[in-house]
Amino acid sequence: PLSGREKVFEAGCGTGFGTALLAERLTEGGGIVAADISENMIGEARKRLGDVASRTVRFVHGDALELLDSEGPFNMVFSSWVLGYIPLEPFFKKAAGALKKGGTLAFIVHREHSPAEPLDIFGELVAEDPSILAKRVRFDFPRDTAHVSGLLAGAGFEPAELHDGAITF
């Protein structure tokens, strides 16, 4: 539950779907730093949020791992469907360092070998921005909840809830 006053960092805001849901909850002066490595995705997110963005969201183009070092501290670090494209262990460590005491890390992540076509997603990114080929990309999806739990513990987190399931789009 959010009180509405939290400062939230969103790693990989994409088209802003999750950003919009968070912004609806931050009505008491809270705000979101919504980061994405793709300027085009940030453009889509700005369109989705419209006027809401100017009141509660600051979009930042850049690498979430670098931004977590400079943008905190946060009450919450959130990511949906992006982890795995961002290396897990460094992300969890950076998130732990960017959170206020008692802060929350919340995320939804693909499990290893899911989606079935990760290279298709990579192909779409390359088509959008061929310069991404100059960057090192390593798919780092978790194997299962035990794997995630171990990585979280290594970063100093005590998981309150971990769920393993399936979703069909």
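What you see is a predicted model, and the numbers here were worked out from it, not measured in a lab. Note that the numbering runs from 1 along the sequence shown for the chain.
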Original post:
If you look only at pairs with a residue in residues 92-107, which of them pass as a salt bridge (charged side-chain N to carboxylate O under 4.0 Å, His left out), with sequence neighbours excluded?
Top reply: Asp69-Lys94, Glu89-Lys93

Original post:
Where do Phe107 and Leu88 land on the side chain to side chain contact (heavy atoms under 4.5 Å, CB included) test, with the steps shown first?
Top reply: CA-CA 11 Å; Phe107 60 92; Leu88 296 169; over 6 Å; no

Subject >> Residue list, side-chain contact (heavy atoms from CB on, under 4.5 Å) with Ala23, at least two apart or on another chain >> reply: Ile32, Leu49, Val52, Thr56, Val57

Original post:
In Å, rounded to the nearest 0.5 Å, how long is the span from SG of Cys13 to CG of Asp36?
Top reply: 4.5 Å

Subject >> Those residues that, when tested against Phe59, pass ring-ring contact (aromatic ring centres under 6.0 Å, His included) (two or more places apart) >> reply: none

Original post:
Which pair of non-hydrogen atoms, one from Val148 and one from Pro142, has the smallest distance, and what is that distance?
Top reply: CG2-CB, 3.3 Å

Subject >> Contacts of type salt bridge (charged side-chain N to carboxylate O under 4.0 Å, His left out), residue Arg5, not counting sequence neighbours >> reply: none

Original post:
Taking a hydrophobic cluster as the set of Ile, Leu, Val, Met, Phe, Trp and Tyr residues connected by side-chain heavy atoms closer than 4.5 Å, whether directly or through intermediates, do Phe92 and Leu162 fall within one such cluster?
Top reply: yes

**OP:** Sequence neighbours left out, what passes ring-ring contact (aromatic ring centres under 6.0 Å, His included) with Phe9? Give chain and number order.
**Re:** Phe74

Original post:
Are Phe17 and Ile86 in one and the same hydrophobic cluster, where Ile, Leu, Val, Met, Phe, Trp and Tyr link if side-chain heavy atoms are under 4.5 Å apart?
Top reply: no

Original post:
Taking C-beta and beyond as the side chain, do Pro87 and Leu65 meet within less than 4.5 Å on heavy atoms?
Top reply: yes

**OP:** State, yes or no, whether a side-chain contact exists between Leu105 and Phe91 at a heavy-atom distance under 4.5 Å.
**Re:** yes

Original post:
With sequence neighbours excluded, what pairs up with Asp51 under the salt bridge (charged side-chain N to carboxylate O under 4.0 Å, His left out) test?
Top reply: none

Original post:
Could you give all pairs that pass the salt bridge (charged side-chain N to carboxylate O under 4.0 Å, His left out) test and reach residues 145-162, with sequence neighbours left out?
Top reply: none

**OP:** Can you measure from NE2 (His61) to CG (Leu67) and round to the nearest 0.5 angstrom?
**Re:** 10.0 Å

Original post:
In Å and rounded to the nearest 0.5 Å, what is the CG to OG1 distance from Asn75 to Thr104?
Top reply: 8.0 Å

Subject >> Residues that Glu6 engages under salt bridge (charged side-chain N to carboxylate O under 4.0 Å, His left out), provided they are two or more places apart >> reply: none

Original post:
For Thr15, what residues pass the side chain to side chain donor-acceptor pair (under 3.5 Å) criterion, not counting sequence neighbours?
Top reply: Arg48

**OP:** Provide the full list of side chain to side chain donor-acceptor pair (under 3.5 Å) pairs with a residue in residues 16-33, sequence neighbours left out, each pair given once.
**Re:** Glu10-Thr19

**OP:** Answer whether the closest heavy-atom distance between the side chains of Phe78 and Leu21 falls below 4.5 Å.
**Re:** no

**OP:** Could you name each residue pair satisfying ring-ring contact (aromatic ring centres under 6.0 Å, His included) that touches residues 143-164, not counting sequence neighbours?
**Re:** none

Subject >> Minimum heavy-atom distance between Ala11 and Ser79, given as atom pair plus value >> reply: O-OG, 3.1 Å

Subject >> Pairwise ring-ring contact (aromatic ring centres under 6.0 Å, His included) hits with a residue in residues 19-40, at least two apart >> reply: none

